[in-house]
2 protein chains.
Amino acid sequence: MSDQPRIDVGLNAVIVAVTDERPRVLTLRGPDPADPEGRAADLLPYGPLDPGGDRTLELTLRGWVRNQARLELGYVEQLYTFGDRGRLKGQPLEGERLGAEPSGAWPRETRPPEAQPPEGEPRTLSVAYLALARERASRTPAGVHWQEVYAYLPWEDGRKGRPELFDRFLVPRLETWIRSAGSRRERDERRDRAAVGFGLFGSDWDGDRVLERYELLYGAGLVPEAGRDRGITSDAGDLVPGRPMGADHRRMLATALGRIRGKIRYRPVVFELVPPHFTLLQLQRVVEALSGVRLHKQNFRRLVERGGLVEGTGDYESDTGGRPAELFRFRREVLRERRAPGVGLPGA
Amino acid sequence: MSDQPRIDVGLNAVIVAVTDERPRVLTLRGPDPADPEGRAADLLPYGPLDPGGDRTLELTLRGWVRNQARLELGYVEQLYTFGDRGRLKGQPLEGERLGAEPSGAWPRETRPPEAQPPEGEPRTLSVAYLALARERASRTPAGVHWQEVYAYLPWEDGRKGRPELFDRFLVPRLETWIRSAGSRRERDERRDRAAVGFGLFGSDWDGDRVLERYELLYGAGLVPEAGRDRGITSDAGDLVPGRPMGADHRRMLATALGRIRGKIRYRPVVFELVPPHFTLLQLQRVVEALSGVRLHKQNFRRLVERGGLVEGTGDYESDTGGRPAELFRFRREVLRERRAPGVGLPGA
DNA sequence: CCTAATATGCTCAATTTGAGTATAAGTGAG
DNA sequence: CTCACTTATACTCAAATTGAGCATATTAGG
């Protein structure tokens with residue numbers, strides 16, 4: 001119908017690898033589209049969609065990742081399409097829920113913005129993809145880096161127990177945020193969201209709710225992006241540790257990590273991230289790195305071995321620091337045998 | 001970069017309800033965009049994205065569903081963005097994999113189309129949403145219908161045991177398709193896909209693989225859409241029973257059903273589809289309707305009751321045909337207590 | 001009062017988990 | 001060469017979950 005402002009469509013890639021037991025994501029430095037002054041920020045690889053280009057979006061994505069990062073992608077899946085207006089320049093209102101809600105949502109009473117967000121400017125739609133790669137298969141060009149995922153989302157790494165920053169930063173800040181709610185109803189709602197999201201006040205920690213946590217922190221003004229999008233200079237002391245990203249890319253990263261954590265349980269995606277031959281401990285470390293929790297070694301072995309996910313090669317790896325470990329490979333036939341072959345984390 | 005052809009963006013809604021123990025989807029009759037002659041077909045509600053319109057895509061969607069179908073949506077979640085070129089007019093080549101792959105994909109060697117699909121025509125991106133509704137909350141306007149989901153995907157309903165059409169149509173047709181592969185490698189691959197998808201040759205049936213099954217049938221030329229998109233008039237005798245839809249809307253429906261089936265297991269989405277008060281058998285019937293399998297009554301009750309998902313109201317429903325059944329309601333607190341509250345189907 | 005239909009309570013064995021204990025097979029220091 | 005230490009791998013055991021079925025309760029209708 002309307003034809004005036006036009007719509008720009010781009011593709012983003014969250015490319016994840018695990019090296020040295022650390023999940024990493026491919027980023028590049030560039031001017032932050034959401035920053036009024038265009039200061040440099042970490043960004044996810046991005047490319048415009050050429051309407052006359054490749055036949056599928058996925059091919060387009062593979063193509064420019066190949067060019068831009070000299071990287072051949074293996075597993076790729078579509079993550080989410082981000083398309084809220086003002087998402088790159090916008091000003092979410094206090095108390096209003098953010099737009100992108102990959103996990104599904106019930107309606108909320110949304111107060112109409114008092115000043116309508118800028119019309120006339122082009123609307124940008126970003127189709128974000130998740131890709132899994134074996135890192136360092138390639139040398140990254142200048143400006144392209146494999147950054148640690150948990151540098152951006154430090155509260156997600158619970159492998160050494162609940163991170164210290166929970167008690168030092170998160171919980172006090174969240175409590176302040178809860179208390180500062182306008183009404184009793186809103187306070188209860190904030191309390192619930194914080195409890196469910198961060199496993200506080202008696203709720204269990206649910207590793208998959210990565211996006212929920214990021215959005216909560218954003219909504220509470222505890223990440224720099226929130227201040228940036230509202231045109232406020234935040235007091236650094238009020239911010240939760242964690243490296244920001246440009247535009248809404250940290251939201252995309254959170255979406256990706258949540259997706260991986262969910263999927264690892266019922267699809268054999270881990271094997272995209274380990275070399276073709278691996279010891280069971282190596283495999284376990286990768287799963288732990290992604291899920292952010294430590295696992296019981298013997299049970300992990302039982303699960304993965306008796307579940308038919310792997311098979312021994314007969315070869316052994318000897319520089320383990322102890323008894324040599326057998327090398328295993330992914331057993332592809334499991335796809336035919338079991339309905340949902342994954343590695344089953346605790347609480348599944 | 002390129003600016004010539006331009007990109008059109010639209011929103012599609014797969015609106016699902018369950019009435020009389022049958023899952024239904026809201027459709028309307030209209031000219032099929034993929035049919036060269038524009039013949040009428042069943043279509044999902046669709047609306048263009050107005051770049052200057054609502055702040056979020058979801059609000060836009062809710063808005064025109066309200067107008068077009070006089071329906072107020074409850075739960076809404078983004079499904080997938082379909083954006084392959086030629087998807088509404090196109091001609092996937094024999095043996096080539098379809099573009100949209102919500103479940104994630106490894107690269108495939110794709111033979112480049114011999115005749116490049118038509119350039120210059122606008123590329124259409126459709127962001128598809130899943131919405132759950134309590135049917136008949138509204139009177140549908142003319143041309144809008146609640147159709148049975150299993151009219152479009154009859155092979156998905158296994159509540160009365162494996163549907164008869166498996167042996168009468170599907171298996172023989174699939175076997176022909178497998179045999180007609182060009183190479184041994186391709187034959188094995190087809191066989192595997194059929195086995196995993198439809199639970200043949202010793203594999204288990206996996207209810208969630210709805211999209212995989214539809215795409216397999218499409219690729220095998222067993223649904224009318226395949227012939228339509230290739231410009232071939234198919235022999236009706238070679239087609240699997242099941243009502244077609246216009247454009248790629250049946251693919252969207254399949255994506256939606258798969259998503260619901262997956263999600264019902266770890267999120268309390270069923271409660272969106274039943275009235276606020278319900279008997280446990282009613283609830284069970286809805287779960288069965290969506291998942292396409294029968295469940296053990298006593299175990300279902302145990303799961304849902306002792307899992308804290310529901311609580312009795314003290315009221316009773318008496319026209320059950322037997323002993324009156326207690327009415328239950330959804331226990332919202334479960335969200336705070338359990339990590340993944342769903343109804344757990346067999347084989348979870 | 002008897003029969004059919006549905007609801008609801010309870011049992012029981014088979015599996016699956018969570019958490020250890022025990023033993024094997026390497027390394028490097030002394 | 002032996003000991004201390006490290007990692008790998010094999011087993012055990014109790015608790016929890018699941019799949020399947022039996023038994024009893026409560027209604028309606030002849």
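Protein chains get the first letters and strands the later ones, always in sequence-line order, with residue 1 at the start of each.
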Contacts of A:Thr279 and B:Gly321 projected onto DNA chain D by closest heavy atom; the upstream (5') one is A:Thr279

Whole-Å distance, B:Phe300 CZ to C:dT8 P, equals 13 Å

B:Arg323 atom CZ is separated from D:dT26 atom C1', nearest whole Å, by 6 Å

When A:Tyr316 and A:Asn299 are each assigned the nearest nucleotide of DNA chain D, the 5'-most assignment goes to A:Tyr316

Rounded to whole Å, CG of B:Asp319 lies from P of D:dG29 at a distance of 11 Å

In whole angstroms, the gap separating P of C:dG9 from CG of B:Leu303 amounts to 16 Å

Does OP1 or OP2 of C:dT8 have a side-chain N or O of B:Lys297 closer than 4.0 Å? no

Per atom distances to the A:His296 side chain, the nearest of C:dT6, C:dA24, C:dA19 is C:dA19

Quick note, A:Pro324 side chain, CB onward, closest among D:dA8, C:dA25, C:dA7 is C:dA25

* Asked: Do the side chain of A:Gln298 and the base of C:dT21 come within less than 3.5 angstrom through a donor-acceptor pair of N or O atoms?
  -> yes

Per atom distances to the A:Arg301 side chain, the nearest of C:dT6, D:dA10, C:dT11 is D:dA10

- Task: Assign B:Leu280 to base, sugar-phosphate, or nothing according to its heavy-atom contacts below 4.0 angstrom with the strands shown.
- Result: nothing

Closest of C:dT17, C:dT8, C:dA25 to the A:Arg302 side chain is C:dT17

Checklist line | Under 3.5 Å donor-acceptor, B:Gln78 side chain and A:Tyr80 backbone | finding: no

- Query: What class does the angle between the rings of B:Phe166 and B:Phe198 fall in, given that below 30° is parallel, 30 to 60° is tilted and above 60° is perpendicular?
  - Reply: perpendicular

